Each structure stands twice: as structure tokens, then as C-alpha cells.
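The block underneath contains the structure these notes are about, expressed in C-alpha cells.
Because the structure is predicted, anything quoted here is derived from the model rather than measured. Every chain is numbered from 1, with letters handed out A, B, ... down the list of sequences.
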Amino acid sequence: MTTQPALSMRGIDKAFLGVPVLSSVDLTVEPGEVHVLVGENGAGKSTLMKILAGVHSADAGTIELGGRAVSFTHPAQAQNAGVASVFQEFNLLPELTVAENVHLGREPRRRGRIDRRAMNDATATGLADLGVDDLSPTAKVGSLSVAHQQITEIAKALSQGADLICMDEPTAALADAEVALLYRLIERLRERGVAVLYVSHRLREIFDLCDRITILKDGRLVESVATTAITPDQLVTKMVGRRIEAQFPPQSPDTAIAEVRLRIDGGGNDYVDGIDLEVRAGEIVGLAGLQGSGRTEIAEAVFGITPFTRGTIAIDGRDVRISRPRKAIAAGIALVTEDRKAQGLALRQSVKANARLVLDANARVHSRQRPTRIRGILSSLDLVARGDDQEVQFLSGGNQQKVVVAKWLAAEPGVIVLDEPTRGIDVGAKHKMYSVIRSLAAEGLAVLLIASELIEVIGLADRIVVLHDGRIAGELPGGATEQEVMAYATGRRSS
Amino acid sequence: DTPAETPEADASTEKSGDEWFVQAEYDEQLAQRDIAPEGDPNTPWLQAIEPEWVDTTEFKRDGGGATVCFSNASVSNPWRVTGWITMQEQVAVLKEAGEIGEFRSSDAGDDDDQQISDIQAFVDSGECDALIISPSTTATLTPAVETACASGIPVIVFDRGVNTDCATTFIHPIGGYAYGADAAEFLVENLEPGSKVLALRILPGVDVLEHRWAAAQEIFGDSELEILGNEFTGGDAAEIKNIVTQYLQRGDVDGIWMDAGDGAVAAIEAFEDAGKPYPVMAGEDELSFLRKWEETGMTAIAPVYSNFQWRTPVLAATMILKGEQVPSEWVLPQEPITDADLADYLERNADMPSLHYAKFGGEDLPGFPDAWRDR
Amino acid sequence: MTRVRRLGAALLGGGTGTVFLLLVLIFAGILAMNPAFFEGPSLMAFLKQAAPLVILAAGQYFVIVSGNFDLSVGALVGAQVVIAARLIDGEESRTLPVLLVMLAFGLAVGLVNGLITTVLKVQSFITTLGMLLVLYGAIRLWTGGAPTGSLSEAFRTPGRLGIENVPLIGQIPWALLIMLAVGAGAILLMRTRFGRVLLASGDNELAAKLSGARVDAVRTSAFVLSGLSATIAGILIGGFAGVSAQVGEGLEFTVITAVVLGGVVLGGGRGTALAAMAGALAIEALFTLFNQMALPATLRPTVQGVIIIAAVAYAARQRSRPGAAAPKSTATATPS
Amino acid sequence: MKRLNPGNFGTTALIYLALAAVLAVGGIAVAMDGGNLFATANLVDMLTRTSLTGFLAIGMTLVILCRSLDLSVGYVAALSSLVAATTMDGRAANLPLAVGLVLLVSGLIGAANGAIVAFLKVNPFIATLGTGLILKGYLDTEYKGPAGDVPAVFQQFGYTRIAFIPVSAIVMLAVAAAAIWFLRSTRTGHHMYAVGGDVDVARMSGIRTTRVLLTAHVLCGMCAGLAGLLLAARFGTGSAEAYTNLYELDAIAAVVLGGTLLLGGKGGVAGTVAGVAILAVLDTVFNVMQIDPFAKDVLRGAVIIAAVALYARRQLDRTARRPRFAALEGRAS
Ligand SMILES: Nc1ncnc2c1ncn2[C@@H]1O[C@H](COP(=O)(O)OP(=O)(O)OP(=O)(O)O)[C@@H](O)[C@H]1O
Ligand SMILES: Nc1ncnc2c1ncn2[C@@H]1O[C@H](COP(=O)(O)OP(=O)(O)OP(=O)(O)O)[C@@H](O)[C@H]1O
Ligand SMILES: [Mg+2]
Ligand SMILES: [Mg+2]
């Protein structure tokens with residue numbers, strides 16, 4: 001039986017600002033195949049996907065879908081040709097409902113009018129298919145959790161009945177339960193003969209889910225292999241071009257867990273309650289929990305974005321009232337936010353401008369630190385940029401994250417809160433971020449780490465505090481098992 | 001002659017560059033300058049040139065205390081501000097005398113559509129015994145004025161006209177052609193042949209202003225003066241000074257013709273700052289210009305668009321409501337201020353602010369001088 | 001070598017560079033029409049005329065780059081001149097106190113604009129449109145419809161006079177020196193911490209706030225700076241040409257056009273003060289060119305409109321050509 | 001019960017509340033002044049004043065929803081009045097031709113605006129300021145003052161009333177109803193919210209964003225054309241001068257007063273109608289009370305700012321996250 005491949009891309013070239021991002025990349029995806037695209041940050045995975053989705057047009061090369069040559073100048077053409085996409089950045093309108101977002105651009109009509117009932121019904125069915133029962137089609141997307149937004153995105157792509165579905169890191173914002181849902185769904189798609197093109201940085205996912213792996217490096221095709229023909233270690237080596245040793249760097253020997261730097265007593269507000277937490281100098285405390293369990297809310301409360309209305313916070317033993325971020329910064333707290341583009345960076349400004357923003361914005365901090373040291377901080381983080389005048393919008397995700405971290409390190413904080421510091425960054429960059437976190441602790445900072453990938457919390461934290469429904473459900477030592485954490489996180493166990 | 005025959009009526013069908021020039025109107029206005037008006041020269045606002053008196057007994061109303069309504073185009077320039085004060089002072093006198101009970105006014109902020117609504121609102125209220133209208137644009141208010149006439153109250157139009165003769169009286173000074181001609185003739189007389197003249201205009205498309213320029217073009221066309229250009233300034237002093245400065249950089253300017261006096265001083269200063277001799281200048285009877293003229297001793301004339309016309313409509317309203325005859329078209333005298341009477345007018349208006357108009361004609365009103373000075 | 005190329009790219013390529021290209025083209029046009037324009041005295045006269053708009057552009061730049069609009073500057077310039085004339089009323093001795101009053105008034109208007117925009121969260125387009133109406137009406141209410149009083153000689157000096165008898169040049173106008181000082185001030189200010197925080201606030205309000213920036217305060221300061229620049233421009237315009245009822249009318253649109261022509265992006269976060277001021281110079285030069293060409297006065301707006309659209313479209317093309325959809329953010333940082 | 005546009009209901013209700021408040025306060029103020037704001041003459045006056053701004057503001061709502069702007073509508077209206085009056089040339093037979101021509105010309109100018117914004121990527125503020133200037137030059141050069149002649153039948157559009165409601169107001173409300181239907185029920189209308197909300201998202205979702213933007217601008221131009229027809233009917237002729245009245249700023253003020261976000265993506269025509277009505281009520285109240293014309297400007301400016309500040313406050317509250325421990329919070333404090 002000779003079926004045409006679902007997708008065949010040949011010799012794709014693409015350059016931005018004269019800088020080549022993709023050079024003669026080939027990619028073939030068979031019907032019913034789950035095909036993963038891997039590579040470091042900036043390897044060109046998203047760009048390749050966007051070319052396929054009609055967002056960008058290739059400078060050279062051909063695309064065939066089911067044997068038919070296509071060329072897209074607008075996403076609508078790609079959709080009509082049976083390509084549906086979940087993009088890396090959220091692609092939703094917060095002012096519209098779930099159903100309206102799902103059907104955006106393809107609203108069902110009855111006698112020329114938009115048929116809202118049909119739209120809601122179809123969405124409800126789609127969500128039920130996905131196994132999601134706690135998401136209303138008429139809920140406004142802006143009021144949803146990140147996970148529910150991601151689910152909306154996925155529902156949107158699935159609702160198009162496409163032959164080829166592209167997903168760019170769909171699980172980056174999902175917790176394990178939802179990830180499992182997605183896996184099951186992809187399984188069903190595979191059975192129906194739908195091809196899935198997948199981008200992920202999560203190794204386990206790649207090997208659990210995918211049939212075939214295409215590796216990109218610096219915009220070039222390295223290799224396309226069956227999952228069964230390669231080991232995780234080999235894959236990493238091929239992606240990064242060198243071997244990455246142990247998953248988590250060891251604690252540096254001179255790390256000493258010392259005095260309490262951050263202490264929360266009975267903290268609570270509209271979103272979390274009864275938070276008692278201590279982080280010591282040199283200590284990494286992990287905050288674990290399901291989506292919506294209130295991890296970010298604790299970070300935001302400590303940083304004065306939505307302050308605690310009950311309880312107290314003490315820094316280095318002194319009670320502080322943190323009513324807004326400036327006060328937190330003055331108290332020596334730093335927050336690496338979970339959404340670096342929306343909350344962390346002024347995208348149209350240079351690397352330099354972003355890195356010194358905290359110093360610029362806070363007079364007291366400024367006097368403590370000379371901006372000239374910023375260059376040193378950036379290079380210690382191995383920032384890859386065309387220069388510190390480059391606008392950060394043109395950096396890859398991992399490098400953008402480094403700029404965010406650099407801006408906080410410049411302020412020499414005593415407490416640093418990291419909310420999803422490795423979201424959407426590649427293996428190499430993740431590894432670098434792990435060492436950075438370790439060295440922060442070694443320098444005597446108190447580190448509060450939030451990460452959805454449990455393995456990170458387990459591997460890095462000295463202690464793990466597990467949240468459930470806005471409250472602390474339990475505390476575990478570093479190196480606890482995933483089962484132990486999940487028992488608290490799902491509320492099956494509480495202390 | 002009635003407003004219906006004002007040039008705008010037929011101008012609308014023309015399309016040529018000189019659509020604003022109507023020979024008959026031009027000839028008539030130039031002739032009217034030399035006709036002695038009827039009435040007391042001490043009250044020029046009650047004088048009339050070749051009046052055709054009409055009977056108004058149908059509007060006669062007993063007992064005084066009338067409600068007079070006034071739809072004003074705007075008070076958006078100093079000329080209108082000055083006139084509006086004069087009108088209010090005149091109203092105060094008539095109220096005192098019991099002839100006017102209530103005086104209502106609306107201001108359309110130069111918006112024709114707004115003024116149509118204002119007029120409609122007055123008519124709909126049914127409370128106006130007489131309606132005075134100072135139209136913001138000639139042609140566009142015609143339907144509204146016709147509606148007002150149809151409601152049966154006397155309608156008094158002044159300053160700009162409308163394309164209908166339904167108004168009981170249409171009050172205006174001689175007009176734009178005469179104004180423009182006064183200025184242009186002065187330049188022709190006082191400049192050597194071949195001299196260069198710059199024309200500074202405020203806006204295009206406003207009939208009273210276009211007539212001034214149309215007349216000037218007619219006269220300059222027959223002269224040996226060279227017209228360097230005609231520029232729109234919006235009446236903004238800075239713009240005027242910019243433009244004149246630029247012309248002076250490119251060569252000499254011997255004369256300035258303006259379609260209104262706003263910013264005349266800025267034009268003169270441009271000569272001072274460029275170190276050039278004063279031009280022969282036609283400004284307006286705005287005090288800032290008259291004072292500068294006296295101070296510099298330059299050769300100049302101040303054509304006048306009689307500001308005292310703002311008194312006439314309220315007086316006409318009371319006359320009509322008493323059943324007295326009024327001219328159907330009430331042409332007020334319009335005489336430029338020359339070197340000869342400059343000193344006199346400066347003296348009379350010594351207390352007045354610089355953007356005041358010398359021929360405002362309110363010296364005998366009880367509010368003088370405070371109402372105009374401390375507004 | 002790369003430096004040269006980068007400079008060339010900056011001048012001819014990116015959004016900001018277009019204005020310098022335009023400026024060169026217009027000046028070339030003027031030169032072709034009238035070589036004498038570039039002789040000292042007439043060049044000085046040009047710069048003297050251009051100074052107020054350039055200064056206004058500097059003020060407007062701060063507001064635009066921080067993500068807002070200031071539509072009230074024209075009305076503020078007008079108000080300042082009228083206030084000066086009425087309060088000074090020809091008395092030389094009152095010049096200085098009145099200048100202080102004007103300064104206070106200009107700063108206060110900017111402060112009110114800023115506070116309404118930042119604290120009450122009213123979109124600046126509406127805030128400053130409202131302020132325009134309020135200033136326009138209030139100042140006429142105060143003076144009974146038309147300006148009264150007159151300016152003193154001393155008041156008129158900065159706008160009208162200069163250092164006389166300079167060889168070759170004739171007069172160096174005070175206005176030019178003030179313009180240079182304001183321009184240098186604006187450029188230097190953008191190199192301070194304030195300037196960088198201002199830019200960051202215009203780019204991504206949320207990120208700036210979370211970095212500890214007092215976004216509301218810097219944005220309000222931008223409005224205050226705009227009020228200050230309108231005050232200085234008012235002093236120069238009043239000095240240059242005296243009082244008239246129409247001073248300042250429509251300046252807001254001219255100056256915003258100038259700033260955008262300079263490649264400053266409406267919405268904030270991008271553009272330089274120098275280019276914004278160059279935009280103002282380009283507009284003034286364009287008016288001069290029209291004059292030199294003796295272009296019929298009624299046609300000028302048409303030509304002006306075409307040139308503005310073409311220039312901004314050209315700049316937008318230059319900016320967007322490499323890399324179609326710039327990575328977007330879901331930031332709530334938005335111009336208002 | 002049909003659901004109103006997402007999250008709109010609150011704001012729209014608030015705006016009608018504001019309108020009611022303005023009417024109440026105005027009514028009391030006029031009553032204390034010895035008048036009656038609700039006398040037929042005053043009601044007619046209010047309704048008459050809504051028509052012109054209404055047409056312009058409805059079109060403006062569409063472009064603003066798309067996060068665009070149209071500063072050229074005043075010029076388009078002026079030009080349309082001239083096209084209408086010169087084409088009619090006093091003959092009723094020319095009416096259909098004139099109306100068609102006006103809609104064609106105004107639609108084309110709208111299309112030009114849309115094309116400059118969508119294809120040339122010029123900021124709409126500058127793009128439409130530019131086309132406005134271009135039109136101004138054309139009007140100043142070509143029409144030095146009023147031109148054309150509108151036959152009496154067509155003047156009825158500007159002057160006739162059914163009961164006490166002016167025909168022009170009825171037509172305006174019909175256009176508003178059509179626009180509301182368009183935004184709610186058609187794909188293109190719905191997509192305007194998407195384009196205004198986030199163009200990139202809209203485009204990546206397969207919406208032809210340039211087409212949507214173009215449509216909004218064309219419709220906005222045509223609404224300005226309707227305004228021009230109304231001007232012609234009321235003036236009995238066409239007038240280039242009409243552009244001096246800065247109708248575009250009135251229209252924008254009305255749209256924003258009506259709760260539509262200047263940044264696009266949120267709002268609607270129902271609110272705009274209320275915004276227009278608020279301005280008209282203010283005008284009538286000021287007129288009846290004989291407020292000094294300059295004080296009118298001050299009050300108008302202040303009212304616009306105050307109203308928008310009020311909505312902004314309300315919108316801030318609504319963006320807050322759902323509290324999880326709000327009840328507990330209540331107990332604790
Ligand atoms: N619109 C754009 N303009 C300019 N450069 C761009 C643009 N989009 C992407 N790039 C650059 O192209 C390169 C490839 O980016 P791409 O997003 O495809 O990487 P990726 O493999 O998806 O990385 P990640 O894992 O971080 O998502 C990067 O260097 C990026 O900075
Ligand atoms: N049960 C709930 N009731 C009300 N709101 C909820 C609930 N669960 C989640 N949310 C909302 O969902 C959003 C996401 O929750 P939150 O940010 O706390 O998640 P998180 O634990 O930090 O996870 P992550 O950081 O991975 O997104 C918040 O806005 C929160 O208010
Ligand atoms: Mg990517
Ligand atoms: Mg979170």
C-alpha cells in the first residue's frame with residue numbers, strides 16, 4: 001500500500017532580518033504518525049511550524065500535503081488545506097468566550113447569522129471528547145487558568161477536523177492530569193489516521209508519545225529517526241551537540257543552609273490561605289501543586305502584586321509590609337514571573353535596557369550596585385545575543401529567560417522567587433538554569449522555586465511544600481517521590 | 001434689492017475660479033460707498049443706504065416686554081466678540097426701556113448644522129416674538145430661515161445673508177467687495193507701478209472674505225502692481241509672521257493686502273525684524289493695528305466691516321414689533337479709517353483692549369467703557 | 001566599516017531613519033528652488049520659526065513614547081499666550097512674575113492630564129481632548145472671548161530677538177538657542193534612568209511595574225514635561241508674533257504628526273527624541289518648501305497629506321520588512 | 001433571553017444609566033431655571049442633535065472596535081454633502097443617483113483609509129489625518145463655498161418629523177440597529193472584535209484581518225456619507241465648510257462615552273447611541289439654560305472626562321480575578 005505522506009516539506013529556507021533561521025530543512029510526516037520536532041531554543045522549530053501554518057512564508061522550498069503541492073500566504077489557507085495549529089504563544093482573545101475562541105474565524109452560521117447555540121453545543125461536545133468537564137463553553141477566556149486556556153487552544157485546533165495537527169509545546173502549561181488527557185486524545189487521533197506534528201522539550205513526553213523524531217540544530221536538519229532507534233542520551237547529545245551530564249547539577253559543597261531569610265506566618269488573601277513558610281539562606285524550597293493550586297498566588301503575594309491581607313511576612317527576621325512590588329524589591333525580594341513576555345520583558349527594548357531595568361527603576365537598589373556589572377552577569381549566564389543592543393524580542397525563549405534572571409541578579413536580592421523558570425526552554429538552557437539556581441543558593445540567597453515539572457522540584461529543592469486548593473497540604477524533603485507529592489497535591493493526603 | 005439676489009444664489013451653479021465675482025454686485029457696492037446714507041450720521045447703526053421701507057404692521061405687538069431670540073453663529077473671533085458685547089449692551093438699554101422683556105440667545109460655535117437646530121429650537125419653543133439670526137454660512141441656513149419665516153414671527157438676518165427674501169429685514173454694511181476695493185485702491189494709489197504686493201487671507205470659502213479678495217483681484221488686475229501671492233493664514237499671528245518673513249527673504253514686499261485685520265501687527269513686525277522698510281498696508285479697524293500704524297507712522301488704511309451693525313438688529317426688532325417701517329435690505333454705511341481720522345478713533349477708544357474694533361459704535365451706551373474693557 | 005553600514009542602515013532603513021532622509025529631500029528641494037535659503041540670515045529665520053514646534057515635539061515625544069497622547073498642547077500654547085498678555089498687560093515689571101505663573105500653570109495642566117490618565121485610568125486621548133475643550137473654553141471665558149492686554153518687550157525678547165551682528169549669520173535667535181538647549185535636555189533626559197524607565201513603561205507597562213518602576217509617576221512626569229514644553233513654546237510663539245485669538249490652534253495635530261514622522265511609534269516604547277524633533281523640523285521645512293514653490297495655498301494640505309502618509313508607510317515598510325510578525329506579547333501594557 | 005456581546009452588558013447598562021442620570025440632572029437644572037427639559041420642543045431638539053453625530057459615531061464605532069480610527073469623517077461628510085447637492089442639482093429625479101454616488105464616493109474613501117492602514121501599515125491616526133488633509137485640499141481648491149441644490153423632497157430628510165421624532169433620527173436609529181445586528185450576527189462583524197482584540201491572534205485563527213479592517217473603514221466612510229446626505233438635506237446645498245466643525249472629535253467622544261474601548265475589541269453600537277444621546281442632551285440643556293458658549297466647552301470637556309473615568313473605574317473592578325477565599329476574607333477583617 002503506497003499512501004502519500006500527510007506532510008512533506010523539502011528544502012525549506014527562512015531568514016529573518018537577513019539572518020538565516022532555517023536552511024534547507026526537510027520534514028516528512030506520515031498519516032497517523034505522531035512526529036516530534038526537537039531542538040534547542042532558537043533551533044527553528046516554531047518557525048518551521050509557522051511556515052506550515054501560513055503565518056510566515058518560506059523563502060525557498062516546497063510543501064506538499066497528502067501529495068498535493070501547497071503554498072500558503074495566510075493562515076486561513078493552511079486551515080482550509082487541513083492543517084490545524086496550536087502555537088507556542090497563546091492565541092486566544094480574553095474578551096471572548098471559550099466557544100467563540102474555539103470557532104474563531106469559522107463560526108457556524110444559520111441563515112446567514114452566527115449560530116451561537118450551535119457554537120456552544122459543538123464546543124461542549126469537543127470538550128467532552130477531550131475528557132474535560134469543568135470548562136464551560138460560555139466562560140470568558142480571560143477569566144480562565146493557564147491550563148484551561150491551553151485546553152481551549154487544543155480544543156480549537158481539534159475542532160477543525162484537520163488531517164494534520166501541529167502542536168508547539170502544548171504541555172508547557174499543563175499539569176500531569178491534563179497532560180494525560182492530551183496523551184489519550186493524541187492516541188485517538190493516531191487511530192483515526194490524523195498526523196500530529198509535535199514540538200516539545202520534555203524528554204519523557206517525546207519517548208512516551210511519539211513515533212518519530214526530527215532533530216533540528218541551528219536551523220538545519222540533524223536527523224530524522226524512529227523513536228525506537230534512539231536513546232534519550234543520544235537524543236540530547238544530537239540536539240545540543242555535546243553530552244549533558246547528570247540531569248541535575250549537584251549541590252555545590254560550600255552551600256550552607258543558614259538563617260531564615262523569608263518567613264510567612266498565616267499568610268492569606270482571596271486566593272490562598274493559611275500559608276506558613278520559611279526559606280533559609282542557601283536553601284531551595286520547592287512549591288508544588290496542581291494548576292490553580294495557588295503557587296503563583298503565593299509568589300504574587302510575597303512580591304506585593306496581590307498582597308496578603310492576613311498574616312505577616314518577615315525578611316531576615318524583620319517584619320515587612322509588602323503592599324506593592326517596589327516595596328518587595330526594596331526588601332530584597334526578586335520575582336522571575338511565569339510569563340516572561342507579558343510580565344518580564346520590555347520586548348522592544350535592548351538586552352541592556354532590560355537587564356538594568358530593575359536598577360533604573362529603583363533608586364535605592366541602584367546605589368547598591370553598579371550597572372557596569374550587568375555585562376558580567378549576562379556573560380556568566382552564557383547569554384547568546386548579537387550584542388547587548390539587540391532587542392530582546394528577537395532572542396530565543398531561553399535567552400530571554402536569562403535576561404529576566406540577569407535583571408534580578410543585578411539588584412542583588414536576598415530572596416528570589418522563580419515561577420516556572422524553565423517553561424519552554426530547551427534541555428541545554430534548562431541545564432544552565434539549574435546550575436544558576438544552585439549557585440544562587442550557594443551564594444546565600446533564599447530560593448523559592450515553582451515548577452510544574454515535578455521532577456524539577458524534586459531534583460532541585462531541599463524541601464518541597466505542596467499546595468492544594470490554596471492551602472498548604474503537606475511538606476516533603478527534597479528527593480521525595482512523585483507519588484508522595486501527588487498524594488498531597490490532589491488532596492488525597494493532608495498533614 | 002433683496003437677499004435673494006445676493007450672488008451666492010447663482011454662484012452655486014458656477015464652477016470657475018472667480019465664482020465669487022459678480023460684476024453687478026461689485027458695481028453696486030462700489031457705488032454705494034459714495035451714496036450718502038439716510039439718517040443721523042451720529043447714529044450710523046440706524047442709517048441706511050437707499051432703503052426700501054417695508055410695512056411691518058402685521059407684526060405689531062402691544063405692550064412691550066417682547067421676547068427676542070437671537071441665533072448667533074459664534075463668538076469665535078474678536079470682531080464677533082466685540083459686536084456681541086455691543087448687542088448685549090443695546091439689549092440692556094431696551095430692557096430698561098421695557099421694550100424687550102426677555103432676550104434669549106444661542107451660539108452655534110460656527111457649526112451650520114448646530115445653528116439650524118438652534119433656529120428650529122427657537123421656532124419650536126413658540127416663545128419668540130422676533131428672531132434675529134446671524135448666519136454662520138450664507139447658503140446653508142436658507143431652509144432653516146425659511147422655516148422660521150413660515151412660523152409667522154418677524155425674522156431679522158444680519159451680517160451674512162441667506163438665499164431667501166423671507167426675512168423682514170436683512171441688515172448688513174455695504175459689503176465685501178467694497179471692503180476689498182477700499183484696501184486695493186489704496187494700495188494702487190500709494191504704490192509705484194511695478195511694486196510688489198502680498199495678499200494675506202484668513203480662510204478660503206467664506207463668502208464675505210471671498211468677496212473682498214474678488215474685488216481686490218479685479219482692481220489689481222487693472223493696475224500695474226505685481227501680486228506676489230495670496231496665502232491663507234487662519235488669522236494666526238505666528239503663521240502670518242512666518243509667511244511674511246519668508247517672502248521678505250526672497251525679495252522686497254512693498255504692500256500688504258489683508259482680507260481681515262487679524263494679525264496685521266504680526267505682518268508689520270516681520271518687516272521690522274527683517275530690517276525692511278514698512279510696506280503700504282491695508283489692515284482693519286482693530287485697535288492693535290491702528291495703534292501700530294500711529295506708532296510707526298506708516299502709510300496705511302483700515303478698511304472697515306462696520307462692527308456697529310450688531311446694534312441694529314435688536315433695534316430693528318423693537319421697531320418691527322412696534323409696527324414701524326424698516327428697510328427690507330438695510331444697508332449700513334461702511335467707511336474705512338484713513339490717516340485723517342486715525343487719531344480721532346484712537347482717542348475715542350483709548351481705554352479699549354487691542355483686539356477691539358474702533359468702529360464698534362457703542363460709545364453712547366451706558367455700559368461704556370467697562371463692558372468692552374473689562375469683559 | 002560595519003559602523004558605517006549600521007549608520008547607513010539607521011538613516012535609510014529603520015523607522016527612525018526615514019525622517020532624516022525626508023529632511024534631506026526637502027532641503028534639497030528648497031535648495032533647488034532658492035539657494036539663498038541656506039545663507040545665514042534666512043536659515044536663522046527658518047530655525048527661529050521652527051523652534052516652537054521642535055520644542056513641542058520634544059514634549060510630545062515623552063508622552064507618546066510612554067504610551068499616551070497629548071492633544072491639549074495646542075490649547076495650552078494658546079492659553080499661555082493669552083494668560084501672559086492679560087496678566088502682563090504691557091507692564092515690563094510684571095514679565096518675570098508672569099513667566100513664573102505660566103510655568104506653574106503649564107506644569108499644573110500637565111500634572112492634571114497625567115493624574116487623570118494614570119490614576120483615573122482615562123485613556124489619554126480622551127483626557128487631553130477634554131483638557132483641550134476645558135482650556136479653550138476657560139481661557140475665553142476668562143477673557144470674555146478674545147485676548148485682552150498686551151505683552152511686554154521683555155516677554156517678547158526670547159521669541160523675537162537674538163544675538164545681533166554675528167558675522168555671516170546676522171542674528172542668532174534666542175529661540176534657536178532655547179531650542180538647542182531643550183533638544184539637548186530631552187536627549188540627555190532619555191539617557192538617564194528616568195528615560196529608560198519611561199521607554200520600558202511605554203513598551204510593557206506590566207513588566208516595568210513588576211520591575212519596581214513607578215509607571216504612573218513617570219507617565220505623569222511625561223505629561224508634565226509636555227506641559228513644560230508647551231509653556232516654552234507658548235513663550236516663543238507669543239514672543240515671535242504677539243497675541244492673537246488663534247494662537248496655538250491645531251498645533252496638537254501638527255506636532256503629533258511631526259513626532260510620528262520621526263519614527264516614534266504611537267502606542268509607546270519605540271523611537272528617539274532626536275528623530276521626533278527632526279520630524280518637527282521636516283514639517284516646518286515642508287511648509288517652507290511649499291512657500292518657495294508657490295504651491296497654491298489651497299492645495300498644500302493635499303500635498304502635505306500625501307507626503308505624511310507616504311513617509312510613514314515607507315518607515316513602516318522598512319520596519320516590518322525583515323521578519324513579518326514580530327513575536328507578540330500578551331501583555332496588558334497598552335497605550336491609552 | 002439573548003446574551004449580549006461578551007461582557008458587554010454591564011458596561012452598556014452603565015452607559016444607559018449615565019444617560020438617565022444626565023437626563024435627570026439636566027431636567028432638574030432646567031426646572032430650577034424655570035424651564036422644562038422634557039417639553040416637546042426640547043425633546044425634538046435633543047433628537048435632532050443626535051442624528052448627525054449619530055451617523056458618524058456608528059461608523060466610528062466599527063473602526064474603533066477594530067483598533068483603528070478615522071479622523072477624516074468630517075471631510076468625507078463635507079465632500080458627500082457637495083456630491084449629493086451637485087448631483088441632485090435641484091431635481092428629485094436625480095435622488096437615487098445622488099445617494100448612490102455619495103455612498104460610492106464615501107465608501108471608496110473609506111476603502112482608501114482601510115488600505116493605507118491595513119496594507120501600508122500606517123498608524124490609523126496618521127493615515128486618516130493624512131487623507132483628511134488630502135480631502136481638505138481638494139475641497140478648498142475645488143469648492144470655494146456652498147454648491148449644488150437639494151430638491152425640497154430630499155430636504156424632508158432633514159426637517160420632517162413623525163410625531164415629534166425627526167425622520168433623520170429614525171434613520172439614524174435604523175442604521176444603528178443594522179450595525180448592532182451586523183456586529184452580533186455576521187461573521188465579519190464578529191471578527192471586528194477579534195481584530196481589535198488582537199490582530200495577530202485573529203490572523204493566526206484564520207481571519208482575513210485586512211478584509212475585516214477594510215470593511216470597517218468602508219462602512220465608516222459610508223456612514224460619513226450618510227452624515228453628508230443629512231447635511232445636504234438640512235443645508236439645502238452642499239458645504240465644504242462643514243469640515244471645520246471637527247465632527248470627527250465629537251464622534252470619537254461619543255463612541256468612548258458609549259463605552260467602546262479606544263484600543264478596540266470591546267464595546268458596541270448600542271453604547272455609542274447612548275453616548276451620542278448624552279452629548280445631545282448636554283447641548284440641549286446648555287442651550288435651554290443659556291449657558292455661555294465658552295462655559296459649554298468647559299462643561300463638555302469635564303463631563304467627557306468624568307464619564308470615562310467612571311467607566312474605567314468600573315472596568316478595573318471587573319478584571320479582578322475570582323476570589324477563592326473572599327468569604328473568609330470578610331470574616332477576617
Ligand atoms: N519574527 C521574527 N523576527 C526575527 N527573528 C525571529 C522571528 N521569529 C523567530 N526569530 C528568530 O528565529 C530563530 C528561531 O526561532 P524559533 O522560534 O523558530 O525557535 P524555536 O526552535 O521554536 O525555539 P523555542 O524552543 O525557544 O521555542 C530564533 O533565533 C528567533 O530569535
Ligand atoms: N478553584 C478555583 N477557584 C477560583 N479560581 C481558581 C480556582 N482554581 C484556579 N483558579 C484561578 O486560576 C488561575 C491559575 O491559578 P494559579 O495561577 O494559582 O495556578 P498555579 O498553581 O500558580 O499554577 P501555574 O503557576 O502552573 O499556573 C488563577 O487566576 C486562579 O485564580
Ligand atoms: Mg518555539
Ligand atoms: Mg502559576
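- Proximity to chain B at a heavy-atom threshold of 4.5 Å picks out G242(C), S244(C), A245(C), Q246(C), V247(C), G248(C) from residues 242-254 of chain C, in numerical order.
- Of all heavy-atom pairs spanning P147(C) and L355(B), the tightest one is CD-CD1, 3.5 Å.
- Atom CZ of F240(C) and atom CG of N242(B) lie 4.5 Å apart (nearest 0.5 Å).
- By the neighbour-count criterion of 12 heavy atoms within 6.0 Å, atom CD of E164(C) is densely surrounded, having more than that number from other residues, nucleotides or ligands.
- Scanning both residues, G149(C) and S354(B), for their nearest heavy atoms gives O-OG, 3.7 Å.
- For N230(B) against A297(C), the heavy-atom pair with the smallest separation is O-CB, 4.0 Å.
- Side-chain contact between R140(C) and V81(B) is absent, with no heavy-atom pair separated by less than 4.5 Å.
- The contact between P204(B) and chain C is made entirely by side chain atoms (from C-beta outward), counting heavy-atom distances below 4.5 Å.
- Screening D89(C), T143(C), T148(C) for a side-chain contact (heavy atoms from CB on, under 4.5 Å) with P353(B), the sole residue that qualifies is T148(C).
- Taking both residues in full, the closest heavy atoms of Q249(B) and F37(C) are given as OE1-CD1, 4.4 Å, listed atom of the first, atom of the second, then distance.
- When heavy atoms are compared at a cutoff of 4.5 Å, N34(C) approaches chain B solely by way of its side chain, counted from C-beta outward.
- Comparing T245(B), D273(B), V75(B), N77(B) by heavy-atom pairs within less than 4.5 Å of chain C, the highest count is held by D273(B).
- Both the backbone and the side chain of A45(C) have a heavy atom closer than 4.5 Å to some heavy atom of chain B.
- Residue with the most contacts toward chain C among S288(B), A266(B), G235(B), A267(B): G235(B) (heavy-atom pairs, distance under 4.5 Å).
- Atom CZ of F290(C) sits about 12.0 Å away from atom CD of Q246(B), to the nearest 0.5 Å.
- Ranking R300(C), E39(C), E284(C), R160(C) against chain B, the residue ahead of the rest is R160(C), based on heavy-atom pairs under 4.5 Å.
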Assess the residue pair R156(C) and E269(B) against the criterion (side-chain contact (heavy atoms from CB on, under 4.5 Å)); give the C-alpha distance rounded to whole Å, side-chain angles, the decisive distance to 0.1 Å, and a yes or no. CA-CA 12 Å; R156(C) 301 205 47 186; E269(B) 278 183 5; 2.4 Å; yes
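- Note: S42(C) leads P41(C), S42(C), G145(C) in heavy-atom pairs under 4.5 Å with chain B.
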